[in-house]
Amino acid sequence: MDATALARALLEPVPANRTAGIEVVRAEDGAAEVALDTPDALRNVIGSLHASGLVALLDAAGLAALVAACEEPAQFEGVVPLGAAATMEFLAPARGRLVATCALGADERAALRPLLAGESDRARIATVAEVRDAAGRVVCRGGFDWSVRRLPGSG
């Protein structure tokens with residue numbers, strides 16, 4: 001399913017994502033792409049995107065990939081993914097237009113499937129994403145461990 005519109009509706013209004021100017025470019029079939037143009041307000045002392053902006057970008061890419069695992073929008077109603085742990089690797093200054101990509105593997109999709117189908121109310125998922133600059137260089141890699149649950153009475 002192309003879940004781009006759903007991912008945009010869920011992620012772009014989040015205050016941290018709005019502040020960073022994060023936009024969902026694509027969310028489909030368990031894969032996602034999110035982007036931002038490095039905002040002046042989030043530049044560090046060398047003029048590149050501050051680590052907090054990179055965390056927000058990797059977070060949004062992982063979340064959009066989770067949304068993109070849905071087969072229909074109703075499957076994500078009442079689903080609350082919460083980050084449990086994160087790792088980051090800074091590889092180069094992150095400047096200008098930055099694009100983060102994340103794709104769920106077969107194991108992650110299999111772990112998420114019972115929750116989305118309403119057969120379970122919890123799942124543990126790990127996502128890995130990378131951020132590239134406009135020249136295509138990987139400037140950052142990171143992963144999130146998610147505790148994903150469905151709110152009681154939803155779905």
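Only heavy atoms go into these numbers, but all of them, side chains included; no hydrogens, no water, no symmetry mates. Nothing here was measured: the structure is a model prediction, and the numbers come from that model.
Shown here for Ala3 and Ala68, the closest heavy-atom pair between the two residues is CB-CA, 3.9 Å. Heavy-atom minimum distance, Leu98 versus Thr38: CD1-OG1, 3.7 Å. Contact detail for Arg109 and Leu104: the closest heavy-atom pair is CG-CB, 3.7 Å. The two residues Arg122 and Leu115 have their closest heavy-atom pair at N-CD1, 3.5 Å. Here the closest heavy-atom approach between residue Arg97 and residue Glu23 is recorded as NH1-OE2, 3.1 Å. Between Phe90 and Ala51, the closest heavy-atom pair is CZ-CB, 3.8 Å.
Each of Asp59, Thr87, Val128, Ile125 was scored for a side chain to side chain contact (heavy atoms under 4.5 Å, CB included) with Phe144, with one residue passing: Asp59.
In this structure a side-chain-to-backbone donor-acceptor pair under 3.5 Å is missing from Arg132 to Val139. A donor-acceptor pair under 3.5 Å is absent between the side-chain atoms of Asp145 and the main chain of Ala84, judged by distance alone. A donor-acceptor pair is defined here as one N or O able to donate and one able to accept, closer than 3.5 Å; no such pair exists between the side chain of Arg149 and the backbone of Asp121. The backbone N or O of Val24 lies less than 3.5 Å from a partner atom in the side chain of Glu12, making a donor-acceptor pair. The backbone N or O of Met1 lies less than 3.5 Å from a partner atom in the side chain of Asp29, making a donor-acceptor pair. Put simply, the side chain of Glu108 gets close to the backbone of Gly105: a donor and an acceptor are under 3.5 Å apart. In this structure a side-chain-to-backbone donor-acceptor pair under 3.5 Å is present from Arg150 to Gln75. Under a 3.5 Å cut-off, the side chain of Ser48 and the backbone N or O of Pro93 do not form any donor-acceptor pair.
Residues Leu58 and Val99 fall into different hydrophobic clusters, defined by Ile, Leu, Val, Met, Phe, Trp and Tyr side chains chained together at heavy-atom separations under 4.5 Å. Under the 4.5 Å side-chain heavy-atom criterion for grouping Ile, Leu, Val, Met, Phe, Trp and Tyr, Val67 is not connected to Leu151 through any hydrophobic cluster. Side-chain heavy atoms closer than 4.5 Å link hydrophobic residues (I, L, V, M, F, W, Y) into clusters, and following such links, even through other members, never connects Val14 to Val34. Val55 and Leu42 fall within a single hydrophobic cluster, where Ile, Leu, Val, Met, Phe, Trp and Tyr side chains are chained together by heavy-atom contacts under 4.5 Å.
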Next on the checklist: Determine whether Leu66 and Trp146 satisfy the following criterion, side-chain contact (heavy atoms from CB on, under 4.5 Å), listing intermediate values before the conclusion.
Outcome noted: CA-CA 10 Å; Leu66 294 177; Trp146 300 97; 4.1 Å; yes
Next on the checklist: What verdict does the side-chain contact (heavy atoms from CB on, under 4.5 Å) test give for Ser147 and Arg124, after you've listed the backbone C-alpha separation in whole Å, the side-chain angles of each residue and the deciding distance to 0.1 Å?
Outcome noted: CA-CA 5 Å; Ser147 174; Arg124 299 284 295 182; 3.3 Å; yes
Next on the checklist: Leu91 vs Cys140, test: side-chain contact (heavy atoms from CB on, under 4.5 Å). Steps then yes/no.
Outcome noted: CA-CA 5 Å; Leu91 304 169; Cys140 182; 5.9 Å; no
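Annotation: the span from Glu28 atom CD to Thr4 atom OG1 amounts to 6.0 Å, rounded to 0.5 Å. With rounding to the nearest 0.5 angstrom, the CG atom of Leu11 is 5.5 Å from the CG atom of Leu63. Rounding to the nearest 0.5 Å gives a distance of 9.5 Å between CG of Leu112 and OG of Ser120. We find the CG-CG distance between Leu36 and Leu54 to be 8.0 Å, quoted to the nearest 0.5 Å.
By the neighbour-count criterion of 12 heavy atoms within 6.0 Å, atom CD of Glu89 is densely surrounded, having more than that number from other residues, nucleotides or ligands.
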